[in-house]
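Structure first, commentary second.
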Amino acid sequence: MNLTLGQKLLRTKPAERHQDGAGSSTHAGAPGLQRSLGLFPLTMIGVGATIGTGIFFTMVEAVPKAGPAVVLSFLIAAITAGLTALCYAELAGRVPASGSSYSFAYATVGEFAAFVVAACLLLEYGLAASATSIGWSDYLNNFLMNAFGWEIPAELRSPMFVSDHHNVHFNPGHINLPPILLVIMCGFLLVRGAKESATTNAIMVLVKLAILVFFAAIAFTGFDANNFQPFFNMDESKGYAGMAGVTAAAGTVFFSFIGLDTIATAGEEVKDPRRNVPIGILAALLIVTVFYMLVAVAAMGAQPAHMFEGQQAGLSVILQNVTGQAWPALVLSAGAVVSVFSVTLVTIYGQTRILYAISRDGLIPQTFRKVNARTGAPVSNTIIVCIVVGLVAGTVDATFLWDMVSMGTLTAFMVVSIAVPVIRHKQGANAPKGFRVPFGPYVIPGLSVLACLYIMKDLSGTTFRVFFIWMAVAVLAYFVYGMRNSRLNKPH
């Protein structure tokens, strides 16, 4: 049957077909992803992709924008993520497949919109993995200094391309080596299989939670309520005074909640996904929000807001200043090294599973869906992702990466919210049993979209320009390759 252009753009993939071959083999008889993850490791995947990034790094970016009111920024981001988490929880029960919001969009609003969402997710995960691995350098260097009195040479921990918000500077001979080594280690674990990676991640997550409790306990001994005065940023020179700074900072820290999305990317490797994915999403959100608020309040109470700007390995420095001793900073830096390993590992994992889902649908080359029969891991896919992430992390700085990740995340979250009423209408009385967003299909999803737009409006103009260029490339790729090679072109 010949379809019109409009019909091709809007064609959907029924929810049940997203599970073709899950846990056994793909449609062509090749090995498929294996259902090996239970509720606890799944929840730890979400926490692992989330806690660490926002707390260990983005305080340095967010506090200069919001001042002490950065605690409101985390709260706004958490509420927005919470609204979206409810939408994710419902859709994950209806479409328990790899690909997360890409798969949700494909089952509801059509192939073209799904491909655009996929491009947002690839931007989100790829840059998040690069940005977090870049920050790993600072804490590794801080740990080596406190433990052995040795620093990594500046030429081996600084990028080749550096931005000062106005111009890009080229530093020949410089490379940020620690992030590249980190990505290589993550790749080695991921090609061994999801179960082994999830177990390692769960151990690292428990370590990082203990470290953050340790940080809060010591930071509160130096708590000074005067550090919260004035509560809002009063500097009007950069347009961040008052609530404008709070929402701008919320946009910066928002990408810290992509762990929720990562849980949904694991849909095809989860035991009893209709039950475990929704519970895992909500449990991870609760854990993440509690720890973010605890550490943000402790950090702001222990150090004046003006000291955060440009501060490397910030939380370690705070402990050193509070105690006057090096050992708390040493413990914190060691925990951060483990924590960021966990974040980078899970973010790269999410990227590979999204590429797997898109490739299985024929919208990108088939290399990304080839799974190793012994390990159950998409090896070629993982190697390609690690090469790209490592190159970005080793050669550029993280100045614009944070906001770009937030832009991709917010766009994907809005599509997920819109998908809830659409899939309810499509499935009707035939919908599988499971979690449902409270107050009907419109209230929570509508509030989620509005909250995402509220945060998005204060992202920088540069962020919007780069995002639209990326979207233009994605649209071109769809019309040149994706639309012609879609599996929906073939009879089943």
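Everything quoted here is computed from the prediction, not taken from an experiment.
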Task: Backbone of T4 reached by a side-chain donor or acceptor of Q7 within 3.5 Å - done: yes

Task: Between S133 and T344: side-chain donor-acceptor atoms closer than 3.5 Å - done: no

Open item on the list: Pair I184, C386 - check side-chain contact (heavy atoms from CB on, under 4.5 Å), show working.
Closed with: CA-CA 7 Å; I184 290 171; C386 287; over 6 Å; no

Task: Donor-acceptor pair, side chain of D361 and main chain of R487, under 3.5 angstrom - done: no

- [ ] Kindly say whether P365 contributes a backbone atom to a donor-acceptor pair with the side chain of S359 at under 3.5 angstrom?
- [x] yes

Open item on the list: Could you tell me if the side chain of L363 sits less than 4.5 Å from the side chain of N485, heavy atoms only?
Closed with: no

Open item on the list: For the residue pair N381 / T352, report whether a side-chain donor-acceptor contact shorter than 3.5 Å exists.
Closed with: no

Task: Spacing of CG belonging to L182 relative to CG belonging to L345, to within rounding of 0.5 Å - done: 9.0 Å

Task: Sidechain-backbone polar pair: K426 side chain, T108 backbone, donor-acceptor under 3.5 Å - done: yes

Open item on the list: Using only atom types and a distance under 3.5 Å, with no angle test, would you say the side chain of N141 pairs donor to acceptor with the backbone of I152?
Closed with: yes

Task: T411, V416, L410, T409 screened by side chain to side chain contact (heavy atoms under 4.5 Å, CB included) with F413, the one that passes - done: T409

- [ ] Identify, with sequence neighbours excluded, every residue that meets salt bridge (Lys or Arg N to Asp or Glu O under 4.0 Å) alongside E111.
- [x] R11

Open item on the list: I need the I364 CD1 to R369 CZ distance, nearest 0.5 Å.
Closed with: 11.0 Å

TODO: Can you run down the salt bridge (charged side-chain N to carboxylate O under 4.0 Å, His left out) pairs that involve residues 37-50, sequence neighbours left out, and say none if there aren't any?
DONE: none

Task: Check: E90 side chain, V437 main-chain N or O, donor-acceptor pair, under 3.5 Å - done: yes

Open item on the list: side-chain contact (heavy atoms from CB on, under 4.5 Å) for V338 and I203? Distances and angles first, verdict last.
Closed with: CA-CA 10 Å; V338 173; I203 294 169; over 6 Å; no

Task: Test log, rule ring pair (Phe, Tyr, Trp, His ring centres under 6.0 Å), inputs Y356 and F368 - done: CA-CA 5 Å; Y356 171 87; F368 293 97; over 10 Å; no

Task: Beyond-backbone contact of M414 with M456, side-chain heavy atoms, under 4.5 angstrom - done: yes

Task: Main-chain N/O of P378 paired with T382 side-chain donor or acceptor, under 3.5 Å - done: yes

Task: Pairwise side-chain contact, L91 with V420, heavy-atom cut-off 4.5 Å (strictly under) - done: yes

Task: Gap separating the CD1 atom of I211 from the CG atom of L206, nearest 0.5 angstrom - done: 12.0 Å

Open item on the list: Regarding T367 and S380, do their side chains bring together a donor and an acceptor under 3.5 Å, going by distance alone?
Closed with: no

Open item on the list: Tell me whether T132 contacts the main-chain N or O of A129 through its side chain, where contact means a donor paired with an acceptor under 3.5 Å.
Closed with: yes

- [ ] Return each pair, listed once, that meets ring pair (Phe, Tyr, Trp, His ring centres under 6.0 Å) where at least one residue sits in residues 458-488; pairs must be two or more places apart or across chains.
- [x] F112-Y478, F112-F479, F115-Y478

